[in-house]
Structure formats: structure tokens, C-alpha cells
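Reading through the C-alpha cells given below for one structure.
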Amino acid sequence: MSNITENAPILQVTDLYVAYGPILALHGISLEVHKGELVSICGVNGAGKSTVLKAIAGVLKPRSGSIRFKGKDVTGWKPEQLHKHGMALVPEGREIFPSLTVEENLRLGAFGRYQARRFAEDLEDFFTLFPILKERYHQAGGLLSGGEQQMLAIARGLISHPDLLMMDEPSLGLSPNRVDQIFELIMELKSRGITILLVEQNAQRALEIADRAYLFSNGRVEYAGRPQDMAGKVDITSVYLGGQKGGDVE
Amino acid sequence: MNAQIFFEFAINVLSMGSLYALIALGLVFVFGICKLINFAYGEFITVGAYVLYFLGVFTSLPWPLVFLIGILSSVAVGYLSELVAFRPFRGRSLDALLVTSFAVSVILQRLFQLGISPRSKAVPVPAFFNMNIELFGLTTPLRNLLIIAITVVLLLILTVIMKYTVLGVAMRGASENFVTARLMGVPANLVISVAFIISGFLAGVVAIFWTARTGSAEPLMGMSPLLIGFIAVVIGGMHSLPGAVVGGYVYALIANILSLTLPTSLLSFRDAVMFAIVIAFLVLKPEGLLRGNYQEERVG
Ligand SMILES: Nc1ncnc2c1ncn2[C@@H]1O[C@H](COP(=O)(O)OP(=O)(O)OP(=O)(O)O)[C@@H](O)[C@H]1O
Ligand SMILES: [Mg+2]
């Protein structure tokens with residue numbers, strides 16, 4: 001492998017424009033994620049954080065701009081193709097399949113990249129990471145509490161062994177205890193070398209654990225760089241308060 | 001009520017209900033995944049019926065083969081209609097898809113009228129279908145028992161597929177949340193094609209037993225099973241497969257009770273009473289008897 005490809009980011013988004021009908025939501029977003037990095041995206045409600053993740057994952061088609069993933073131009077790819085190519089999105093609001101059991105949710109998570117042997121090994125691992133999933137293995141996903149559903153959503157993303165794991169507000173609407181658990185989990189995943197792109201309303205905590213960060217505002221990148229510098233440059237409390245939303249649903 | 005009348009009633013409800021359950025199931029398989037009410041579903045049945053007519057009249061193939069080819073042609077028309085007509089419009093609004101399904105339905109009806117005949121064709125029925133069977137002291141044609149047995153077997157097979165195969169789990173997931181299923185790597189085209197194939201398969205089975213009862217195939221014959229499917233689905237619930245099955249049997253139960261209890265002078269109003277019951281369901285229990293889990297989101 002040449003030096004150039006080794007240093008190339010695993011994900012590179014360049015000048016991305018995304019619209020909902022006639023209304024532009026992203027006005028030329030550029031960002032990159034390198035292998036093994038934990039990158040956070042912060043910004044107030046409506047800044048375009050979810051939109052950029054959905055565009056990267058192939059759910060939304062960009063109007064212009066490009067997305068490169070693992071050295072390939074994947075602009076315009078379908079979500080199922082991107083998943084097969086190593087991308088996983090843990091969507092905002094968890095989006096568990098409510099009538100499917102925990103087991104079925106997990107099996108579906110591995111759909112595009114299913115390997116029976118690895119699935120069994122992963123389960124062992126997951127049961128230590130998420131003990132609750134073992135207890136509830138044969139229960140319908142819709143019966144889990146909000147925090148448990150979030151665990152399931154993350155496990156469902158991990159089970160495909162993604163090269164890039166994207167998480168959209170995993171702590172949304174959880175009690176403080178659960179939020180701690182989620183952040184511990186993210187730290188654990190980071191220490192395992194998993195590449196993570198994290199969108200968080202909880203900017204303060206997201207910045208604490210991030211290697212690099214982006215601040216979005218009105219569909220543009222307002223700031224990009226080291227999280228500790230970001231704290232000085234922008235008023236974190238305003239970002240934090242602006243990002244505050246959702247009740248405790250547990 | 002004496003035992004004989006009861007058994008006769010039960011056989012009527014079960015055989016009619018089985019047919020109606022299969023009809024409704026074929027509609028709901030496509031609706032579950034695509035959120036599309038497929039008006040062309042009736043024509044999937046008509047195609048099967050015409051193939052039974054052609055093979056029955058012009059060939060001397062054995063019956064099992066005739067049935068198999070009939071079913072496969074309904075599968076083919078289901079699969080191809082999705083590929084040719086629905087897929088290009090999938091990115092558009094749900095209304096566009098609905099209009100497309102109307103168009104497919106009307107185009108197929110016209111093709112039957114122009115290409116075959118506007119008048120009805122007599123479909124040969126195997127003799128054993130009408131063979132009388134003695135059961136609990138009453139006689140009933142074998143086809144009534146066959147449809148019950150075949151429905152039970154099909155429901156078991158479909159249950160196993162939906163519950164225990166990876167594809168079945170993916171189909172259930174996709175019908176609850178299509179976008180998220182795609183994010184897990186479930187290919188949109190695959191699950192939609194499979195839904196149409198299963199829908200076509202059920203239409204093919206329905207064609208066999210529908211023509212066995214009416215003895216004919218005609219261009220507009222698809223409309224009445226389509227209507228039956230709608231009613232069963234309104235009763236049972238649009239959003240779950242078991243709901244469709246329950247709806248089919250409940251519909252047959254209500255229809256048979258009406259036939260039995262309405263005075264002869266009112267019997268011609270049976271359909272009117274039936275529709276009144278449907279309207280009552282729409283008003284009082286719009287989600288049907290079985291609700292199911294679903295998202296009000298369309299396929300993108
Ligand atoms: N489905 C949609 N249709 C139309 N506009 C949308 C849609 N989803 C989002 N938008 C708009 O796009 C912009 C960006 O939304 P987005 O969901 O990406 O924000 P976000 O940063 O994720 O916010 P939040 O913190 O509330 O999740 C907003 O102005 C929003 O109103
Ligand atoms: Mg969001």
C-alpha cells in the first residue's frame with residue numbers, strides 16, 4: 001500500500017449540497033474521518049447533522065458534491081450497497097424493529113454481511129458489552145426501554161463489523177445514568193479501534209471524547225478542528241443549550 | 001341448530017374463508033412492504049385463470065402440471081408488473097404508484113378483452129374437484145376440503161419462511177421500517193420483488209379455486225376477488241399478515257351468517273348489509289382487528 005492511500009481518510013465528504021424538495025439543508029459541507037478516529041459533529045437543532053449522516057449512508061441523494069469511502073467514490077450509492085461496503089448508521093431515534101425480537105433485530109443488522117460463525121462469536125462479545133440483550137434475547141424489540149433500545153441499536157450497527165460506525169444522537173432522551181453508560185460504551189468502542197462518526201446533542205461530553213470535531217450551523221461547517229480549541233472559539237454553552245431537547249423517555 | 005346444519009355451515013365458512021384469506025394475504029404482502037394498495041392484484045388472478053383455461057382446453061397436460069403452470073404465470077405477471085410498471089415510479093409519490101396500479105389493472109383488462117375475448121370462457125375443472133365427499137353425515141365437494149387443507153399448509157409454510165428464514169425476517173423488518181432495513185443491508189429491490197412474487201403465487205392458487213367455483217374466466221373477473229380482499233383487509237387490518245387471514249375468515253363468517261339469517265325477501269340486500277358492516281369497521285375500528293407494528297412512511 002502506498003503512503004498516499006494510507007494517509008487518505010477513510011471517509012471524505014467534499015462540498016456536499018443536500019436538499020429536501022426545494023429547500024437546501026446542507027450548503028457545501030466538507031468533512032473527513034480517518035481510520036481509528038472518533039469524530040464528533042455538534043450543532044443546534046436543524047443545523048444539518050442528521051442530514052449529513054443520512055446523505056453519507058445513502059438514504060438521501062446529494063444534489064451535488066462527492067462522498068469517498070475507503071478509497072472509492074460512493075456518491076449516489078444505495079444504503080444497502082454502502083452497508084455491504086462497510087458502513088453502519090445507528091439512526092436518530094433508534095429505529096428498532098418493534099415486533100422483531102432482539103435476536104431478529106441483530107440478525108437483520110448483519111443481513112448484508114452475514115457470517116454464521118462470526119455472528120455466534122459476536123453474540124458472546126455483545127452479551128458482555130450489553131448484558132441486557134442476553135436477558136431480553138427473545139423479547140420483541142418494542143418492549144425494551146429507551147436505553148435498552150439504544151443498546152440494541154448500537155449492537156445492531158456493530159454486528160456487521162463496519163469500517164465506519166456512525167451514530168446519530170445515541171444519548172437522546174435517556175436518563176443521566178443511561179447517558180453515562182452510552183458514553184462509556186463509545187469509549188470502549190474507540191479503544192477497540194473502531195472508527196466512529198458521532199453526532200451528539202450533548203456537545204460537552206462528545207467533545208471530551210472526540211479526537212476531532214465539527215461544528216455545524218445552518219447547513220455549513222462553522223468550525224473544524226481539535227475539540228479543545230473549539231471550546232475556546234465558540235460558546236459551548238450556547239451550542240449545548242441549543243442542542244438540548246427531548247424528554248426522558250425511559 | 002342441529003349438528004348437520006352446523007357442519008354444513010362450518011364447512012362453508014372454512015372453505016370460503018380460506019379462499020378469502022389467501023386473497024387478502026396476497027394484497028397485504030405487497031401493502032406491507034410498499035404501502036401500495038395494488039389494484040392490479042385482481043388481474044394477477046385473471047391471468048392464472050386464463051392460463052388454466054388455455055391449458056385445460058387446448059392441451060392434455062396432467063392437472064398438477066396445469067395448476068403449476070397457472071400459478072407460475074400469476075407469479076410471472078406479479079414479478080414483471082413490479083419490474084416494468086412499479087419500479088420506475090418508486091421514487092415518486094405514493095399517489096403516483098396508486099395511479100400506476102390502476103393503469104396496470106386497466107391495461108391488463110383491455111388486453112384480455114382484445115387479445116382473448118370480451119366474453120367469458122369456460123374453464124375446465126378436474127372431475128375430482130367436484131367429487132362428493134361424505135363427512136359427518138353431509139356431502140360436500142372435494143374442492144371445499146382441498147382449499148381448507150391447502151390454505152392450512154400454505155399458512156404453515158409462509159409462517160416458517162417469515163419467522164425462521166433470513167429473508168423472512170428481512171421482509172418483516174422492511175415492512176416495519178423500510179429505510180432502516182436498507183441501512184442494515186437489506187436490498188430494496190429484493191424484498192419488493194419477493195413481495196410481488198408471493199402475492200402472485202397466492203393469486204395463482206386463488207385462480208384455481210375461484211375458477212373451480214365459477215367455472216369461467218373473463219376479462220373483468222379480477223374485480224370481485226379484489227373487492228373481497230379489500231373487505232377482508234379492512235376487517236382484519238392492513239398492517240399484519242395474521243390480520244389479513246383473520247379478516248378473510250371473519251368476512252366468510254359474517255357473509256354466511258347473513259345468508260342463513262336474513263329473510264329471503266332481504267337476501268338480495270346481503271351485499272348492502274356487508275358493506276354497512278365494512279363501513280362500521282372503518283368508523284369504529286379503522287386499524288382492523290389486528291393492528292400490527294408499522295411506520296407511516298413510504299418506500300423511498
Ligand atoms: N424530512 C425533511 N423534510 C424537509 N425538511 C427537513 C427534513 N428533515 C430535516 N429537514 C430540515 O433540514 C434541516 C436540517 O435538519 P437535520 O435533521 O439534519 O438537523 P439536525 O442537525 O439533525 O437537528 P436535530 O438536532 O434536531 O436532530 C432543518 O432545517 C430541517 O428542518
Ligand atoms: Mg438530527
Side-chain angles (χ1 to χ4, degrees), chain A residues 20-21 53-54 56-61 77-116 119 138 140-143 152-153 155-162 165-168, chain B residues 28 32-33 87-88 90-96 159-195 237-244 287-288 290-300:
Chain A
Y20 293 100
L53 291 196
K54 283 183 192 163
I56 293 169
V59 176
L60 297 171
K61 298 268 170 282
W77 280 30
K78 295 176 188 173
E80 53 263 36
Q81 293 173 309
L82 287 160
H83 181 267
K84 195 161 187 130
H85 196 51
M87 212 183 254
L89 171 63
V90 180
E92 187 173 20
R94 312 182 254 280
E95 307 283 352
I96 289 300
F97 302 108
S99 79
L100 269 55
T101 63
V102 168
E103 174 184 10
E104 289 167 338
N105 269 281
L106 289 174
R107 281 194 193 282
L108 209 44
F111 185 91
R113 321 176 96 201
Y114 189 78
Q115 282 174 283
F119 187 81
H138 296 292
L143 299 179
L152 176 57
R156 195 178 59 173
L158 282 173
I159 200 136
S160 63
H161 288 262
L165 179 68
M166 299 188 283
M167 287 186 265
D168 195 348
Chain B
V28 166
I33 303 279
R87 190 166 295 185
R90 207 191 287 152
R92 311 288 180 81
S93 69
L94 203 47
D95 301 339
T159 306
V160 168
I161 291 177
M162 295 305 282
K163 256 193 132 51
Y164 300 108
T165 71
V166 184
L167 186 62
V169 175
M171 305 259 317
R172 276 157 59 218
S175 62
E176 285 190 5
N177 192 328
F178 194 77
V179 173
T180 304
R182 295 186 73 184
L183 282 172
M184 315 278 101
V186 176
N189 288 341
L190 176 72
V191 285
I192 292 177
S193 286
V194 171
M238 196 88 217
H239 295 284
S240 84
L241 298 174
E287 74 279 13
L290 274 65
R291 192 173 182 284
N293 279 302
Y294 64 94
Q295 263 206 331
E296 290 288 358
E297 202 179 319
R298 49 174 305 275
V299 171

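Letters go in sequence order (proteins before strands), and every chain restarts at 1. What you see below is based on every heavy atom in this structure, not just the backbone, and it leaves out hydrogens, waters and symmetry mates.
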For B/Met238, which residues count as a side chain to side chain contact (heavy atoms under 4.5 Å, CB included) partner, sequence neighbours excluded?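 For B/Met238 the side chain to side chain contact (heavy atoms under 4.5 Å, CB included) partners, ignoring immediate neighbours, are B/Phe31, B/Ile37, B/Val233.
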
Any chance you could measure [X], atom [atom1], to [Y], atom [atom2], to the nearest 0.5 Å?
{"X": "A/Phe97", "Y": "B/Glu176", "atom1": "CZ", "atom2": "CD", "value": "7.5 Å"}
{"X": "A/Arg107", "Y": "B/Thr165", "atom1": "CZ", "atom2": "OG1", "value": "11.5 Å"}
{"X": "A/Ser99", "Y": "B/Asn177", "atom1": "OG", "atom2": "CG", "value": "11.0 Å"}
{"X": "B/Met171", "Y": "A/Leu108", "atom1": "CE", "atom2": "CG", "value": "12.0 Å"}
{"X": "A/Phe111", "Y": "B/Leu190", "atom1": "CZ", "atom2": "CG", "value": "6.0 Å"}

So which heavy atom on B/Met184 is nearest to which on A/Gly109, and how close?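 Scanning both residues, the minimum pair turns out to be SD-CA, 3.6 Å.
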
Count the heavy atoms of every other residue, nucleotide or ligand shown that sit under 6.0 Å from OH of A/Tyr20, and state whether that count exceeds 12.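 Yes, because the 6.0 Å sphere around OH of A/Tyr20 holds more than 12 heavy atoms from other groups.
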
Would B/Val186 and A/Glu80 count as a side-chain contact (heavy atoms from CB on, under 4.5 Å) if you check the C-alpha gap in whole Å, the side-chain angles of each, and the deciding distance to 0.1 Å? CA-CA 6 Å; B/Val186 176; A/Glu80 53 263 36; over 6 Å; no

Are A/Glu104 and B/Arg172 within salt-bridge range, i.e. N to O under 4.0 Å? yes

Going through the distances and angles, do B/Thr180 and A/Arg156 end up as a side-chain contact (heavy atoms from CB on, under 4.5 Å)? CA-CA 11 Å; B/Thr180 304; A/Arg156 195 178 59 173; 3.5 Å; yes

Sort A/Ala88 into side chain, backbone, both or neither according to what part of it lies under 4.5 angstrom from a heavy atom of chain B. neither

Find the one option among A/Lys84, A/Lys78, A/Gln81 whose heavy-atom pairs under 4.5 Å with chain B are most numerous.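 Among the listed options, the one with the most contacts to chain B is A/Lys78.
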
